[in-house]
2 protein chains.
Amino acid sequence: MSAVDKAFHGLRHMIATGRLGAGERIPPEGELCEELGVSRGSLREAVRMLAALGVIEPRHGSGTYVSQLRPEDVIGSLSLTLELLPLTGLLEVYEIRRVLEAHVAAQAAARCTPEAVGTLFALIEAMEATDDPTKASELDHRFHLEIARIGGNPTLASLLSVFRARSRKYQVFTLPEGPELRRKSDEDHRVLATAIADHDPVAAAGAAQAHVAQTERWLRAFMPPVEEDDSKG
Amino acid sequence: MSAVDKAFHGLRHMIATGRLGAGERIPPEGELCEELGVSRGSLREAVRMLAALGVIEPRHGSGTYVSQLRPEDVIGSLSLTLELLPLTGLLEVYEIRRVLEAHVAAQAAARCTPEAVGTLFALIEAMEATDDPTKASELDHRFHLEIARIGGNPTLASLLSVFRARSRKYQVFTLPEGPELRRKSDEDHRVLATAIADHDPVAAAGAAQAHVAQTERWLRAFMPPVEEDDSKG
DNA sequence: GCAAGCAAAGTCATCAGATGACTCACGGCC
DNA sequence: GGCCGTGAGTCATCTGATGACTTTGCTTGC
C-alpha cells in the first residue's frame, strides 16, 4: 500500500470509528505524519483527497477540521465532476431526475404547510416578474430546492440539487426561444405548486415528472454545447 | 485563489473543454507545473483530488490518465465516503433506494430479454444454494446489479450500486436471525424476478419497493453498529 | 476596568531539490 | 524469432526551508 493510501485510509478510519468526530479539529500535520508513518507531502495529498470528497476541510492558519458529515457535504462533491460526463450521461441523469422529482413532489404534497406553500408561490411570482434569465434560473433552482426541502429528505434534496446544477449549465432560457420556454415552465410551476398546496401527491408527482420531461425535451431539441463555465475565475 | 485551486481548476478545465479527452494521458508533472504556474507539490495535490473524484488516474511509472468519464467512474467516488454518514443519513438513503429500485425494476420488466431472465434465476439459485453469508451478500449484490443493468441506465445502476454498498456494510445476514431473513429475502427475489420475466412493470416495481422496505425494517429493528471494515488491510 | 492594538505561537501553504520505484520500449543476445 | 537487459521517462516519496494566515493572550492607552 502506498504512503498516500496509508494516510488516506488511516484518516478515514479515524473518522469512521469516531475517534475524530464531526466538526472536530484533527491533529496538526506533524503529529499525523508521525502517527501514520508518512511524510508531510504524502499526508497533505491524502488530506486533499478527503477534502475533495467533502469529508474534511483545511483552514489556512487555523487547522484542519472534519466536516459536519451531512449528506450534502458528501454528495456535493459530485457537483464539480458530474458536468464532465458526456451528454449521454446527462440524459441518464434526466431519467433519474424524473423519478426522484416526482417522488419529492408527492412527499411535499403530503407534508407541506401553509407557510411552505406561501414560499413556493412567492418564488413563482418572483420568477414570473424577472426578465433576467440568470436570475430566473437561480429562482427556479430555489423553487425546486424548497420543494425538496418540504419533502423531508435532506440526502435526496442534495442529490437532486447536484443533478439540477448539471442541467442548469446548459442555460436553455438564454436561447432565442427562451421567453416562450420560460412561459411554459412558469405554467408547470403553478400546476406543481397548486397540486402540492392541495395535498394531492398523485397530481404533484405527475406535474413534477412532466416538468422534468419537458425540460429534457427542450434540451434534446436544442442541445447547446457547453464550453466554458468559469464565471468566477 | 490558492496554488492548489489553480492547478485543480486548470486541470478540470482542460478536461471540460476537451483539450484532454477521456482515456488520454495528461502531460508529465513538470510540464503541467510550468504551464499552470505551480510547484510539483501543489500540482500533485490537485491531481490527487481529481483522482479521488474518479476523474483521472495516476499510474506509477507510466503517467497520469484521464478516466473513461463513465458515470460509474464519477459516482463511484461516493462509495468511500457515504459510509461515513451517520445513521439518519442511511435511512434517507433507503428512501431513495425504494424509489429508484422500483423504477429500475419496472424498466427492467419492460426491456428484459430471455437471456437476462436466465441470468437472474441462475443468481437466485446460487443464492439459495450457498450457506456463506458473505457469498450470499455478494450474489445479492450481483442480482440487483443485473436488474439495474437490464434497466438500461448505467448512471442509475452505479448510483444504486453505491447506495447498496452502504447498506451492505451492516451485514444483516450474519445475525442470529440471518437464516430466516435470507429465506424471506430469497422469496422476494423470486417474486421480483418473476414479475420482470412476465414483463409486468407494475408488479416488478411493487416487488422491488417491498424488498427494499423489508430490508430497511430489518435494519431499523436490529440496527447493528458498524465499527470496522478494513477487510483488505 | 475596558477596549484597541500588537506580538508571538501554532498551523497550513508553497516551493525547491534529491532520491527511489516502476513502466515501457528499444536493442542486443541467444 | 524470442528472450532479456538496459536506459529513458514518469510518478512516488522524503526532507528542509520559507511564507501566509489565524488565533490567542498580553500590553498599552484611555
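In this text, all values refer to a predicted model and were calculated from it rather than measured experimentally. In what follows, every chain begins at residue 1, and chains take the letters A, B, ... in the order their sequences are listed.
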Starting at atom [atom1] of [X], determine the distance to atom [atom2] of [N], rounded to an integer number of angstrom.
X	N	atom1	atom2	result
L43(A)	dC14(D)	CG	C1'	13 Å
R40(A)	dA17(D)	CZ	P	10 Å
D5(A)	dA12(D)	CG	C1'	11 Å

Query raised in the report: Parallel, tilted or perpendicular: which describes the rings of F143(A) and H189(A), with under 30° parallel and over 60° perpendicular?
Result: tilted
Query raised in the report: Heavy atoms under 4.0 Å, any strand shown: does R44(B) hit a base, just sugar-phosphate, or nothing?
Result: base
Query raised in the report: Hey, does R59(B) reach any base, or is it just sugar-phosphate, or nothing, if we go heavy atoms under 4.0 Å?
Result: sugar-phosphate
Dump every N/O contact between nucleotides 8-10 of chain D and the protein below 3.5 Å, one line per pair.
from: dG9(D); atom 1: N2; to: G61(B); atom 2: O; distance (Å): 2.6

So, are [X] and [Y] salt-bridged, with charged N and O less than 4.0 Å apart?
X	Y	result
E83(A)	R12(B)	yes
K6(B)	E35(B)	no
E216(B)	R98(B)	yes
E101(B)	R164(B)	yes

Report task. Flag the pair L53(B) / F8(B) as yes when at least one side-chain heavy-atom distance between them is below 4.5 Å, and no otherwise. Result -> yes
Query raised in the report: Mind checking whether L50(B) and R48(A) have side chains closer than 4.5 Å, heavy atoms only?
Result: no
Query raised in the report: Taking any atom under 4.0 angstrom from a heavy atom of chain A, which nucleotides of DNA chain C are the first and last to qualify, 5' to 3'?
Result: dG10(C) to dT14(C)
Atom pairs and distances, side-chain donor-acceptor, residues 147-159 of chain B, under 3.5 Å, sequence neighbours left out:
from: R149(B); atom 1: NE; to: E146(B); atom 2: OE1; distance (Å): 3.2
from: R149(B); atom 1: NH2; to: E146(B); atom 2: OE2; distance (Å): 2.8
from: N153(B); atom 1: OD1; to: T155(B); atom 2: N; distance (Å): 3.1
from: N153(B); atom 1: OD1; to: L156(B); atom 2: N; distance (Å): 3.0
from: N153(B); atom 1: ND2; to: E92(A); atom 2: O; distance (Å): 3.1
from: N153(B); atom 1: ND2; to: E95(A); atom 2: OE1; distance (Å): 2.9
from: T155(B); atom 1: OG1; to: E92(A); atom 2: OE1; distance (Å): 2.4
from: S158(B); atom 1: OG; to: P154(B); atom 2: O; distance (Å): 3.1
from: S158(B); atom 1: OG; to: T155(B); atom 2: O; distance (Å): 2.9

